[in-house]
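Just below is one structure, and these are the notes that go with it.
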Amino acid sequence: MPTKRRSKGAYMISAVAEMYEIHPQTLRLYEREGLLKPSRTDGNTRLYTDEDLERLEFILNLARDLGVNISGIAIILQMRERMEEMNRQMQSFVEYVRSEMLSHFQQNAPTSPGAIVPLRKPVGAPKNNGGRRES
């Protein structure tokens, strides 16, 4: 679905409903079900941010294009949030391991400028016999 947003900012419910060709009650239902969480003004007017609109586009894609009902949408959104959190945790873990390895290598740097791990002749390696075949 192409985005019909004009610029950064916040949008009132009527503008969002018109942009996405849905009834304002649908937006209210999505909010009641916990699918959307628009911010509110002091006068209690709903304001939808660009992030809210991205989430709405995802919801509408599930509902319109894939025929997913509201319960299914809620489950998919929860799974998506869990996956994003797991991804953040994995990235954090990778950064931690990377920094620990770097710290370890810096503390245990070899005195010679050669390889980090000394090379040894493998056990059971064939002997070099000048290219001749043994019979």
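- Residues Asp52 and Tyr11 have side chains not in contact (no heavy-atom distance under 4.5 Å, counting atoms from C-beta outward).
- Cluster membership for Phe58 and Leu60, using ILVMFWY side-chain heavy atoms within less than 4.5 angstrom, is shared.
- Under the 4.5 Å side-chain heavy-atom criterion for grouping Ile, Leu, Val, Met, Phe, Trp and Tyr, Tyr96 is connected to Phe105 within one hydrophobic cluster.
- Rounded to the nearest 0.5 Å, atoms CG (Leu62) and CG (Asp65) are 8.5 Å apart.
- Side-chain atoms of Leu77 and Ile59, non-hydrogen and from C-beta on, do get closer than 4.5 Å to each other.
- Between the CD1 atom in Ile75 and the CD1 atom in Ile70 there is a gap of 12.5 Å [rounded to 0.5 Å].
- Residue pairs satisfying the side chain to side chain donor-acceptor pair (under 3.5 Å) criterion with at least one member in residues 70-84, sequence neighbours excluded, are listed as follows: Arg55-Glu81.
- Sorted by first then second residue, the salt bridge (Lys or Arg N to Asp or Glu O under 4.0 Å) pairs that include residues 98-107, not counting sequence neighbours, are Glu95-Arg98.
- Expressed to the nearest 0.5 Å, how far NE2 of His104 lies from CE of Met101 amounts to 8.5 Å.
- Residue Ile76 holds its CD1 atom at 10.0 Å from CG of Asn61, rounded to the nearest 0.5 Å.
- Cluster annotation: Met79 is not connected to Ile73 through the hydrophobic network of ILVMFWY side chains, with a link wherever side-chain heavy atoms come within less than 4.5 Å.
- Linking Ile, Leu, Val, Met, Phe, Trp and Tyr residues whenever their side-chain heavy atoms come within less than 4.5 Å places Leu66 and Leu56 in a single cluster.
- Within the 4.5 Å cutoff, the side chain of Tyr48 has heavy atoms near those of the Leu36 side chain.
- Rounded to the nearest 0.5 angstrom, Leu27 CG and Ile22 CD1 are separated by 3.5 Å.
- We find the CG-NE2 distance between Leu29 and His23 to be 12.0 Å, quoted to the nearest 0.5 Å.
- Minimum heavy-atom separation, Ala10 to Leu47: CB-CB, 3.9 Å.
- Sorted by first and then second residue, the salt bridge (Lys or Arg N to Asp or Glu O under 4.0 Å) pairs involving residues 24-38 (not counting sequence neighbours) are Glu31-Arg40, Glu31-Arg46.
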